[in-house]
Engineer: 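Here it is, the structure in full.
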Amino acid sequence: MDATIGIPPAVTEETQAFWNAASQGRLIVERCSACGRDNFPPRGMCRYCRSRSMVPTEITGRGRVYSLTVNYQRWLPELEVPYVIVLVEFDEHPGVRVVGRLRGCPPEAAAIGMAVEVGFEPGPGGYAIPSFYALNR
Amino acid sequence: MGTELLERRAVISGVGQSAIGRRIDRSGFQLTLDAILAAIADAGLTVDDIDGLAMFPGGGKSNLPGYSAANLYEIQDALRITTTWRQGLVEGMSLPFYGAVQAVATGLARHVVVYRTVKEGSAAKKAGGRPAYGSIHPEAEGPLAWLLPIGALSPVCQIAPYAARYLYEFGVTREQIAWIPVTQRKHAALNPDAVYRDPLTVEDYLGSRMISTPICLYDCDVPVDGSTALVISASETVPDLRAPVGLEAMAGVIDGRPSWEQWEDFTRVGYATAAGMWARTDLGPEDVDVAELYDGFTIEAIWWLEALGFCKAGEAGHFVDGGERITLGGQLPLNTWGGQLSGGRLHAAFGHTAEAVRQLRGEAGERQVADAEVAVVTSAGGFEAGAALLTRWR
Ligand SMILES: [Zn+2]
């Protein structure tokens, strides 16, 4: 698969683990060792109890589309349109919302509330980007 | 209210604008000087009276081509003034005058010039369309690191999911919200400085191309070249001023996650800022004669109509339907200069503030709202947002 056109991320101390895991097809967020809650994006501090003791945890379950947009504008040369951008939340990881692309259904079939599976696709700069997969119904 | 509010010790004394157009063939620096000199003259002051200078954005920050022009120090150098207070901001500039009011109210300056200059019209022409994020920086930094790699390459893509969720939850239709751009275009026809003045119909709106669903072409403001400058003065200088406008209340509150994609509830935006503003005044929504509500995208004006209490959550579609309530002579004339949708993307509510001042002075020409005494101005939407009530000076 050709890499998706876009602008690569500037990777930081806080986000290195996320992008490393992404390259292995795994979605990780930070889990607080003190209160057990999940945090995203990673900040090295729990935004619920302010503990600095954060460990990576992998999201493997299904997500649900909180909102979306189908983009038709070719913002960059060679950008293939249309494509779907989804904001996905996870019943088992409250407070986590991850933005990515959506595959597995025609753009016009994408809908708020639809169930998706975690996935990645080759993105700009050699990074793997979140690319969720639409599940039937 | 007890102690006197800080904003009551400040007035908006001057408004000035350069030529505004899709493309103005002069530098942003020259446009800025045009606007500043016009604003100072409009205030009834001279350049030597100015002792404070502020701009948006600060630090030469520019994520988008044409977003920033005219460095603050170079402007001060050209004006050859002494300043006791300066500010350049993105974070914290809830309103164009938010910081300047604090400066003049606390005695750090007496007359502050605040300016915002855009060359986004020329940049769009060069890019062959509305430019994307990332056409300046090769890597996506900070909050954009989550958005640009996956293809959310423009502010449109950040806002569109808010509009999608809003339509989904409340069953508001595109046919209804079309009345915002359509009505504002009608207002723009009465504003000789607006960039788009030809009539726009609901059918034109529904037939226009999608940019990023559900946001179509006419939901997006128009990139332009132009500069707006304001003069903010300490209220004790009122005897020296030509036509000051009062500041009744202002607020800029962030009570949720300050991130486009992490903001908790996409259907409730601006509520804390609106509540913060109303808490600082005895006036209420029923007292507002004219509303200049930020409209980078149509949905942002909808947020403000609901957050400020002009209608209930989810009822803005009904409120604007048909356009009668939001036009001249209606209950709440909205964006009487055409807004950014037709007047041009002067950005950060500089155009909105300029119009509110003109309305309250009775200097709005053909689009004047009769006996306008109270105007509401809002800036942006999403997490960095501001709201203010401006009043006719008595
Ligand atoms: Zn915790």
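Below, chains carry the letters A, B, ... as their sequence lines are ordered, and counting in each starts from 1. These numbers were taken from a predicted model, which means no experiment stands behind them.
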Engineer: Quick check on the interface: out of Asn71(A), Thr12(A), Val81(A), who has the most heavy-atom pairs with chain B under 4.5 Å?
Structural biologist: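 Winner by heavy-atom pair count: Asn71(A).
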Engineer: Using non-hydrogen atoms and a 4.5 Å limit, figure out which bit of Trp263(B) sits close to chain A: side chain, backbone, both or neither.
Structural biologist: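 For Trp263(B), the backbone is the part near chain A, not the side chain.
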Engineer: Between Glu141(B), Glu139(B), Arg209(B), which has the largest tally of heavy atom pairs under 4.5 Å with chain A?
Structural biologist: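 Most heavy-atom pairs under 4.5 Å with chain A: Glu139(B).
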Engineer: Quick one: are the ring centres of Tyr162(B) and Trp260(B) less than 6.0 Å apart?
Structural biologist: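 They qualify: ring centres under 6.0 Å apart.
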Engineer: For Tyr83(A), is it the side chain, the backbone, both or neither that has a heavy atom under 4.5 Å from a heavy atom of chain B?
Structural biologist: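 Side chain only.
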Engineer: Kindly compute the distance separating SG (Cys157(B)) from CD1 (Ile150(B)), expressed to the nearest 0.5 Å.
Structural biologist: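 Output value for this atom pair is 8.0 Å.
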Engineer: Using only heavy-atom distances, determine whether the side chains of Gln340(B) and Tyr294(B) contain a donor-acceptor pair under 3.5 Å.
Structural biologist: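 There is such a pair between these side chains.
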Engineer: Enumerate by number any residue of residues 88-101 of chain A whose heavy atoms lie under 4.5 Å from heavy atoms of chain B; in the absence of such residues, state 'none'.
Structural biologist: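 From residues 88-101 of chain A, the residues near chain B are Gly95(A), Arg97(A), Val99(A), Gly100(A), Arg101(A).
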Engineer: Any side-chain to backbone donor/acceptor pair from Arg165(B) onto Thr267(B)? Under 3.5 Å, distance only.
Structural biologist: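 Answer holds: no.
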Engineer: Would you say Thr213(B)'s side chain and Val70(A)'s backbone share a donor-acceptor pair under 3.5 angstrom?
Structural biologist: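 Flag set: sc Thr213(B) to bb Val70(A) pair under 3.5 Å.
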Engineer: Using non-hydrogen atoms and a 4.5 Å limit, figure out which bit of Arg47(A) sits close to chain B: side chain, backbone, both or neither.
Structural biologist: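 Contact with chain B involves the side chain of Arg47(A) alone.
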Engineer: Tell me if a side-chain donor or acceptor on Ser379(B) pairs with a main-chain N or O of Ala385(B) at a distance below 3.5 Å.
Structural biologist: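 Not at all, since once roles are kept as given, no pair shorter than 3.5 Å links the two residues.
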Engineer: Ignoring hydrogens and geometry, is there a side-chain-to-backbone donor-acceptor pair from Gln176(B) to Val172(B) under 3.5 Å?
Structural biologist: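 A pair under 3.5 Å: no.
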Engineer: Using heavy-atom distances under 4.5 Å, tell me whether Ile85(A) contacts chain B through its side chain, its backbone, both, or neither.
Structural biologist: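 Side chain of Ile85(A) only, per the 4.5 Å heavy-atom cut-off to chain B.
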Engineer: Is it true that a side-chain atom of Arg22(B) and a backbone atom of Gly121(B) form a donor plus acceptor pair closer than 3.5 Å?
Structural biologist: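 Not at all, since once roles are kept as given, no pair shorter than 3.5 Å links the two residues.
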Engineer: As a quick check of understanding, evaluate side chain to side chain contact (heavy atoms under 4.5 Å, CB included) for Thr378(B) and Trp303(B), giving each step before the final call.
Structural biologist: CA-CA 11 Å; Thr378(B) 62; Trp303(B) 295 339; over 6 Å; no
Engineer: Hey, are Arg23(B) and Asp225(B) close enough for a salt bridge, meaning a charged N less than 4.0 Å from a carboxylate O?
Structural biologist: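 Salt bridge between Arg23(B) and Asp225(B), a charged N being under 4.0 Å from a carboxylate O: no.
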Engineer: May I have the step-by-step check of side chain to side chain contact (heavy atoms under 4.5 Å, CB included) for Glu306(B) and Cys311(B), ending in yes or no?
Structural biologist: CA-CA 5 Å; Glu306(B) 297 184 358; Cys311(B) 58; 3.9 Å; yes
Engineer: Begin from the C-alpha positions of Phe56(B) and Val90(B) and carry the test side chain to side chain contact (heavy atoms under 4.5 Å, CB included) through to its verdict.
Structural biologist: CA-CA 6 Å; Phe56(B) 177 101; Val90(B) 174; 4.3 Å; yes
Engineer: Kindly say whether Glu14(A) contributes a backbone atom to a donor-acceptor pair with the side chain of Arg43(A) at under 3.5 angstrom?
Structural biologist: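 Not a single qualifying donor-acceptor pair exists.
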Engineer: Shorter than 4.5 Å, heavy atoms on both sides: which option in Gly123(A), Pro41(A), Pro124(A) has the most such pairs with chain B?
Structural biologist: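 Looking at each of Gly123(A), Pro41(A), Pro124(A) in turn, Pro41(A) comes out on top.
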Engineer: Heavy atom to heavy atom, less than 4.5 Å: which residues from residues 25-40 of chain A reach chain B?
Structural biologist: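 Within residues 25-40 of chain A, the residues that come under 4.5 Å of chain B (heavy atoms only) are Phe40(A).
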